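Below is one structure, written out as structure tokens; the observations come after it.
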Amino acid sequence: MVGWREVTAEFAGTALLLLLVVSATVAGFAPGSPLVDTVPNEDLRRLLTGVLTSTAAAGIIYSPLGRISGGHLNPSVTTAFWVLGKMTSGSALKYAAAQVAGASTGALAALLVWDGAAASVRVGATVPGLGGAATALVAEAVMTFLLLTLILTFVDSPRLMPYTAAAASSLVAVLVFTEAPVSGTSLNPARSIGPALVGGTWTGLWVYLVAPTLGALTAALLHRRLWGTVACAKLMHDQAYPCRFLNCAYTSPEDRIQRPVRTRSAALSPIGFGRWRPGARHHRSRREHRR
């Protein structure tokens, strides 16, 4: 089970992510920013902002913080791994609380650092854009589904797992460029809650709580339907950092953390949609890992 070391790393990683996300937004869109004056094309600045923020996320996942905690940085990611049986409900709640607290701390730090410049971009708050809340809801759900499908696919393969963060960050950069005018490209309830709390921008916040969660649930349920579970709940598994998640296929059998023994009636999945079953890809990943 995850302990305070992992929870603290998740808090710190999410706080750092929000500080960098808001800073990139300030650089790209705050009035008086040198980048705004140098690059007048808003589309190009949005692309640069997407690259900066997604690269920052990948860097955190590959850093010791991400290798300790697993680098979720997002309640939607945590939700998917919980559904797939890699986290207990208590661990998932601790991670979600750490992510929201970290996002709020990072947004507050950005406001203290950038002051009026951060306020001019609403401390990086995400609000529905073109098409209103309904369009933003659909866009966020679809984008989160795509992101989680990519993450689960990469994490489940020993060959692809080391590139999970790089692949996910590349996808996010593209999504920021294409979808930011529609929804702000949150994909992450904590990323939207933090700036809302700090900057007081509550417009359409419900969209960013509901849509990413729906997208993550759909991706996790589809993955479970096809493969049963996933190899590990870490986006970057490193043998130098013990894995505290349940039944990690990248950890030697004698060192794996097992879920407590359950009765037949308790053997249902965390959200009650059928019994967990190991899938073909999961077993293949274990065999490849042992080689």
Side-chain angles (χ1 to χ4, degrees), residues 14 17 21 43 46-47 49-58 60-62 66 70-84 86 96 99 126-131 133-157 159-192 204 206-236 271 273 279 281 285:
T14 311
L17 174 64
V21 165
D43 291 338
R46 187 169 66 251
L47 175 61
T49 301
V51 171
L52 287 173
T53 56
S54 59
T55 300
I60 294 168
I61 294 168
Y62 284 127
H72 294 188
L73 313 177
N74 182 342
S76 297
V77 175
T78 297
T79 296
F81 285 122
W82 171 69
V83 169
L84 289 164
K86 291 300 173 178
Q99 290 153 358
T126 51
V127 297
L130 301 174
T135 302
L137 180 73
V138 174
E140 286 288 322
V142 171
M143 289 188 294
T144 309
F145 171 81
L146 293 175
L147 176 63
L148 264 297
T149 298
L150 182 150
I151 288 173
L152 295 174
T153 300
F154 272 64
V155 166
D156 217 18
S157 167
R159 290 188 294 271
L160 296 177
M161 182 270 294
Y163 308 105
T164 303
S169 67
S170 299
L171 175 60
V172 170
V174 172
L175 295 177
V176 169
F177 176 67
T178 58
E179 295 295 334
V182 174
S183 69
T185 315
S186 172
L187 314 174
N188 182 340
R191 180 258 177 272
S192 293
W206 68 272
V207 168
Y208 306 100
L209 305 182
V210 173
T213 303
L214 288 176
L217 285 173
T218 304
L221 291 172
L222 178 60
H223 190 89
R224 190 178 66 182
R225 177 70 177 175
L226 294 174
W227 308 111
T229 186
V230 68
C232 180
K234 280 190 171 186
L235 273 66
M236 178 60 197
I271 57 174
F273 290 111
R281 179 182 290 183
S285 294

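Being a predicted model, the structure only gives us computed values, none of them experimental. What's counted below: heavy atoms across the whole structure, side chains too, no hydrogens, waters or symmetry copies.
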**Q.** Heavy-atom pair with the smallest gap, counting every atom of Leu84 and Arg224
**A.** CD2-CB, 3.6 Å
Q) Does some side-chain heavy atom of Leu187 sit less than 4.5 Å from a side-chain heavy atom of Pro212? A) no
**Q.** Thr164 vs Met236 side-chain heavy atoms within contact, under 4.5 Å
**A.** no
(Q) Within the structure provided, determine whether Val77 and Leu73 are in side-chain contact (heavy-atom separation under 4.5 Å). (A) no
Q. Does any non-hydrogen side-chain atom of Phe145 lie less than 4.5 Å from one of Leu222?
A. yes
Q.
Please find the pair of heavy atoms, one from Gly50 and one from Val176, that lie closest to each other, and give the distance.
A. CA-CG1, 3.6 Å
Q: Can you see which heavy atom on Tyr62 is nearest to which on Pro162, and at what distance?
A: OH-O, 2.7 Å
**Q.** Closest non-hydrogen atom pair between Gln99 and Pro75, with its separation
**A.** OE1-N, 3.0 Å
**Q.** For Ala80, side chain to side chain contact (heavy atoms under 4.5 Å, CB included) partners two or more places apart
**A.** Leu148, Ala220
Q) Under 4.5 Å between any side-chain heavy atoms of Pro181 and Arg46, yes or no? A) yes
Q.
With rounding to the nearest 0.5 angstrom, report the CG to OG distance, Leu147 to Ser169.
A. 10.0 Å
Q | Minimum side-chain heavy-atom gap His223-Asp156 below 4.5 Å | A | yes
Q: Return the minimal non-hydrogen interatomic distance between Ser76 and Thr213, and the atom names on each side.
A: OG-N, 4.0 Å
Q) Does the side chain of Lys234 reach to within under 4.5 Å of the side chain of His72, using non-hydrogen atoms? A) no
Q) Taking only residues two or more places apart in sequence or in another chain, which ones pass side chain to side chain contact (heavy atoms under 4.5 Å, CB included) with Ala57? A) Leu17
Q | side chain to side chain donor-acceptor pair (under 3.5 Å) pairs, two or more places apart, involving residues 135-144 | A | Glu140-Ser183
Q: Take Asn74 and Arg191 through the side chain to side chain contact (heavy atoms under 4.5 Å, CB included) test and state the conclusion after the steps.
A: CA-CA 7 Å; Asn74 182 342; Arg191 180 258 177 272; over 6 Å; no
**Q.** Nearest-0.5 Å distance that lies between atom OG1 in Thr79 and atom CH2 in Trp82
**A.** 7.5 Å
Q.
Run the side chain to side chain donor-acceptor pair (under 3.5 Å) test against Ser54 and tell me which residues pass, sequence neighbours left out.
A. none
Q.
Distance check, rounded to the nearest 0.5 Å: Leu150 atom CG versus Tyr163 atom OH?
A. 14.5 Å
Q) For Ala133, what residues pass the side chain to side chain contact (heavy atoms under 4.5 Å, CB included) criterion, not counting sequence neighbours? A) Pro128, Trp206, Val207
Q. Taking atom CG of Leu146 and atom CD1 of Ile151, what is their separation to the nearest 0.5 Å?
A. 11.0 Å
Q: For Ser192, check side chain to side chain contact (heavy atoms under 4.5 Å, CB included) against everything at least two apart and list the hits.
A: Thr126, Ser186, Leu205, Tyr208
Q.
Quick one, Leu235 and Phe81 - any side-chain contact, counting heavy atoms below 4.5 Å?
A. yes
**Q.** OG1 on Thr78 to NZ on Lys86, rounded to 0.5 Å
**A.** 15.0 Å
